[in-house]
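Position 1 is the first residue of the sequence; numbering continues from there. All ligand and atom numbering here is 1-based and tracks the order in the structure. Computation of the quantities below employed the complete heavy-atom set of this structure, encompassing side-chain atoms and omitting hydrogens, waters and symmetry-equivalent molecules.
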Amino acid sequence: MPDFKTSPGTRDILAPHSARWRAFQEVFAKTVESAGYNYIIPPMFEDLDVFLRLGEATEVVTKEMYDFHDKGGRHVALRPEQTASVCRAFVEHRPVTPWKVWYSGPNFRYEKPQQGRYRQFDQVGIEALGVDDAFLDAEVIALASMFYSALGLNHVELSINTLGDGGDREAYSNLLAKYFSKHESSLTAESKATLTRNPLRVLDSKREPDQEIIAGAPAIRESISKQSADHFAAVLSALDALNISYKINDRLVRGLDYYRRTTFEFVSTALDAAHTAIGGGGRYDGLVEALGGPATSGIGFALGLDRTLLACDAEGVFAAPQTDVDVFVVDTVDGTHAHDLCHQLRANGFSADRAYDLRSIKAQMKSADRSGARVALIIGSDEVANSTIMLRPMGSGEQYVVSRKDIFNELKKVLK
Ligand code: HAM
């Protein structure tokens with residue numbers, strides 16, 4: 001056993017999987033940049049206070065934060081998500097609205113590691129600030145759904161809900177607190193504890209004994225303001241106009257406290273696992289203000305890269321892209337010819353690799369095979385004397401001599 005291994009909940013992402021991650025990020029970038037979202041790279045750690053704005057009653061803040069004091073005595077934390085950082089950046093830079101940004105990168109939560117749940121996990125996401133229009137809610141949701149289609153996913157379900165505005169949310173929270181307190185003796189110990197911190201989150205319990213009581217709980221839609229109800233109706237009709245199907249789930253409250261009005265979640269029905277939520281988001285009107293900025297509405301989503309790729313595996317789509325080199329150079333003379341030719345090939349737009357340490361031709365050909373290259377270029381003393389190269393299309397059992405000066409043109413033809 002090696003002395004050092006990755007820490008629990010973290011992984012090394014190796015080839016060919018790592019190429020799939022990059023391709024995932026590229027497909028995402030293309031999807032959201034087609035809608036005017038610009039790339040933002042927020043820092044991976046911030047002052048703890050930034051993340052406390054996610055809601056001091058959320059588990060992400062109370063139990064899962066990687067926070068520490070740095071050498072300057074600042075209390076900082078690794079980001080558990082990126083919405084708070086984007087809003088902090090908005091307040092710091094005061095960009096023109098609407099401000100539409102996308103991001104991609106790791107986040108950190110001290111959770112119990114298991115399949116699909118990690119302590120360091122990647123998300124891609126978008127945030128749009130400064131627009132209250134219901135069409136934006138639908139656009140944001142449509143972009144996530146367009147991205148899933150671009151990956152080839154077919155078994156993704158969208159659940160949607162509204163939490164009403166800040167006042168509605170608070171009134172609903174009080175209503176739930178009353179309702180659950182009445183049934184407290186039948187709730188699980190975990191839900192009883194949640195009830196004292198955040199009654200809304202009791203709705204999220206997946207524990208069997210809680211289900212009957214949750215089923216009888218009042219729904220927020222019965223008590224939200226007309227304005228919030230109208231906004232929700234407009235979002236649903238904008239989704240209908242784009243033929244995006246959804247299920248209204250009035251138990252969908254989400255795990256972070258900043259949500260107001262529209263909330264939504266994407267679930268993979270192909271995943272047979274504890275964690276099938278592959279993405280989620282919603283409106284967070286009020287978060288910018290909580291971070292010291294002007295009243296600004298905001299909406300966005302984040303999609304779990306790790307979990308979405310598990311969903312891709314389950315559906316057999318979005319395979320790792322090919323990253324093998326085009327050409328493998330075999331030099332049986334002294335290694336300098338492979339050294340020169342590889343450099344020339346790379347400078348002329350071909351990808352090329354070689355063997356080192358002047359190994360036997362047999363060993364070098366084995367490496368050529370393993371490299372996945374489509375062509376081997378072989379240089380021995382005859383080729384050096386005649387200014388030629390032996391070209392062998394891999395797996396063909398054939399080879400032929402090409403003049404050194406024609407090699408790039410010949411390769412273009414062979415690799416077409
Ligand atoms: P979230 O629901 O906490 O929302 O995370 C979004 C997605 O990240 C989840 O649906 C899941 O796929 C993935 N995820 C979360 N935790 C883990 C984990 N421990 N391991 C693997 N994947 C995980 C947010 O983070 C919000 N910032 C989304 C948002 C953006 N809302 C508005 N704008």
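- The cationic atom of Arg261 (NZ for Lys, CZ for Arg) does not lie both less than 6.0 Å from the six-membered ring centre of Phe232 and within 45° of the ring axis.
- In terms of the salt bridge (charged side-chain N to carboxylate O under 4.0 Å, His left out) criterion, residue partners of Asp210 (sequence neighbours excluded) are, by chain and number, Arg207.
- Ring-plane geometry between Trp99 and Phe90 is classed as tilted, the angle between the planes lying from 30 to 60 degrees on a 0 to 90 degree scale.
- For Glu157, the salt bridge (charged side-chain N to carboxylate O under 4.0 Å, His left out) partners at least two apart in sequence or on another chain are Lys247.
- Within 6.0 Å of atom CD in Glu184, more than 12 heavy atoms from other residues, nucleotides or ligands are found, so the atom counts as buried in its surroundings.
- Among protein residues, Glu81, Thr83, Tyr103, Arg109, Glu111, Gly116, Arg117, Tyr118, Phe121, Gln123, Glu127, Arg254, Leu256, Tyr258, Tyr259, Ala277, Ile278, Gly279, Gly280, Gly281, Gly282, Tyr284, Gly300, Phe301, Ala302, Gly304, Arg307 come within 4.0 Å of ligand 1, judged on heavy atoms.
- Legend: residues meeting salt bridge (charged side-chain N to carboxylate O under 4.0 Å, His left out) with Arg88, ordered by chain and number and at least two apart, are Glu46, Glu92.
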